[in-house]
Amino acid sequence: MHKKKNYRFDTQVIHAGQSPEDWQGATLSPIYQTASHLHPTAENLTQTFAGKRDDHIYMRLTNPTNRVLEEKLAALEGGPGAVVMSSGMAAITNTCMALLRAGDEFVTGNSLFVTTYNLFIKVFSKYGITARLVESTDTEAIEKAINSKTRFVYLETIGNPKMDVPDLEQVASIAHRHGIPLVVDNTLPTPYLLRPLDMGVDVVIHSTTKYFSGHGGSMGGVVIDGGNFTWSQERFPDFKAFIDRKGPLALLDKIWREYHINFGTTQAPLHAYLTMIGLDTLALRMERHLKNAMKVAHYLKERPEVLWVNYPGLEDHPSHGVALKQFGGKGFGGMLTFGLKDQAACFRFINSLQLIYHLANLGDSKTLVIHPYSSQYYAQDEPTRQALSVPDNMIRFSTGIEAVEDICEDIGQALDSL
Ligand SMILES: *Cc1c(COP(=O)(O)O)cnc(C)c1O
């Protein structure tokens, strides 16, 4: 087959990882719905366990369908290896656990997805781990927070829901100067808009539940290892066995071997299959998401009921310059937030929508809204909601790929009801 060429991104989303010749000519990967795999000889299985053969053993460890998705996603981010997991949170948890030991610290931007925040602050602290929260776009603060116990820097490439965009090249060079890697959650831009590994980032995580699927019919996460980071003996003595085994993919091996297979965070192959069906149209969908979001942002700006619009595509947005540079002028993402008078106005707006769905998800083909303050951030105290930039008058808006006129008309009629 014709697989060796360096195809462009829009071609890769469809063709990377495809091997119909191994699938009896099928053009979609089969779903290998099997808990375990047969081994021809006892010697064979011993070699597989010793890492000398690459055969599949048991679904909790690997699965052929999942491996196809791993190849596709690694190709899209430009990394040498990936592991898919049961959810985005599984990917975040396992990656951080593999990088951390009791007593360690890491530095993280304060614009975090709420569950990531809970994991970092409320769960990790029980194990003696300190997450130092700083402003994602304040590179000086990031550098100041790094000390001899720091094992990595963690950022969201577009903060959810803060919508700030950190300068990845700057932060990567700071992290590397201190001998630590930069790990990012690239769920919101997707590699269509941003390929962090090209900017010096070391590890990329995604919730594949969102734009990669696009249909809202599957759940999953992935970690992609850039394979370029040098794990020093002084700061990372616990990496030696993994470096000996897997060289540049030491971290991915540590994530997989120590956490993924022990925590049992396996992705069901049906979900990998469904994610791949969505993935085929990623480039086309992103093009429309970006265009629609920009039009919605401008529409909202014109409406007197809307107090503010937070979208990096708007020229007065504090991250506009960095976003323009980093996203190469392609666009600014499909998500935005905006402010109404108060919580009651937000509720009235949501309850008046006719087309747009009110639910907790993003990156779907359908346009989605939520009032984060009273839902996902329901259990957070007031200072935390403020620190995470979640005021009570904020609507989070994930722009879908419907006709933008219909999206704006639905927003318009709901605003008319205020
Ligand atoms: C949804 C989301 C996650 C978590 O992913 P799940 O698949 O829901 O576990 C992590 N980060 C970001 C930015 C997200 O939007």
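In this chain, numbering begins with 1 at the start of the sequence shown. Each ligand, and each atom within it, is numbered from 1 in the order the structure gives.
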Gly363 touching ligand 1 at heavy-atom level, < 4.0 angstrom: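 Per 4.0 Å heavy-atom rule, Gly363 does not contact ligand 1.
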
For [atom], what's the nearest protein heavy-atom neighbour? Residue, atom name and distance, please.
{"atom": "atom 9 (O) of ligand 1", "result": "Met89 N, 2.9 Å"}
{"atom": "atom 6 (P) of ligand 1", "result": "Gly88 N, 3.4 Å"}
{"atom": "atom 2 (C) of ligand 1", "result": "Lys210 NZ, 2.4 Å"}
{"atom": "atom 4 (C) of ligand 1", "result": "Phe113 CE2, 3.4 Å"}

Is the CZ atom of Arg177 crowded by more than 12 outside heavy atoms at less than 6.0 Å?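 Yes, because the 6.0 Å sphere around CZ of Arg177 holds more than 12 heavy atoms from other groups.
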
Check whether more than 12 heavy atoms from other residues, nucleotides or ligands sit under 6.0 Å from atom OH of Tyr357, and answer yes or no.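 Atom OH in Tyr357 is not packed in, count stays at 12 or less.
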
Tell me whether Leu188 has any N or O atom under 3.5 angstrom from an N or O of ligand 1.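 No.
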
Would you say Asn160 and ligand 1 have an N/O pair spaced under 3.5 Å apart?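 Indeed, backbone or side chain, Asn160 has an N or O that close.
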
Worked verdict on Tyr154 versus Phe120 for ring pair (Phe, Tyr, Trp, His ring centres under 6.0 Å): CA-CA 10 Å; Tyr154 184 98; Phe120 286 1; 4.9 Å; yes

When you measure from the centre of the six-membered ring of Tyr211, is the NZ or CZ of Arg285 under 6.0 Å away and within 45° of the axis?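 No.
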
Here's one to test your reading of the geometry: is the NZ or CZ of Lys162 within 45 degrees of the ring axis of Tyr117 and under 6.0 Å from its centre?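 Relative to the ring axis of Tyr117, which defines the angle, Lys162 lies outside at least one limit.
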
Only one of Phe349, Tyr311, Trp308 passes ring pair (Phe, Tyr, Trp, His ring centres under 6.0 Å) with Phe338; say which it is.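 Answer to the ring pair (Phe, Tyr, Trp, His ring centres under 6.0 Å) test with Phe338 among Phe349, Tyr311, Trp308: Phe349.
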
Going by the order shown, which atoms of ligand 1 are within less than 4.0 Å of some heavy atom of [X]?
{"X": "Gly220", "result": "7 (O)"}
{"X": "Thr209", "result": "7 (O)"}
{"X": "Ile92", "result": "10 (C)"}

Plane angle bin for Trp231 and Phe236 - parallel if under 30°, tilted between 30 and 60°, otherwise perpendicular: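 Plane angle over 60°, so perpendicular.
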
Given Ile158, Thr187, Asp185, which has its nearest heavy atom closest to atom 11 (N) of ligand 1?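 It is Asp185 whose heavy atom sits nearest to atom 11 (N) of ligand 1.
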
Please work out whether any backbone atom (N, CA, C, O) or any side-chain heavy atom from C-beta onward of Leu362 is under 4.0 Å from ligand 1, and answer side chain, backbone, both or neither.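 Only the side chain of Leu362 comes within reach of ligand 1.
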
Answer yes or no: is there an ion pair linking Asp104 with Arg235, defined by an N-O contact shorter than 4.0 Å?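 No, no charged N to carboxylate O under 4.0 Å.
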
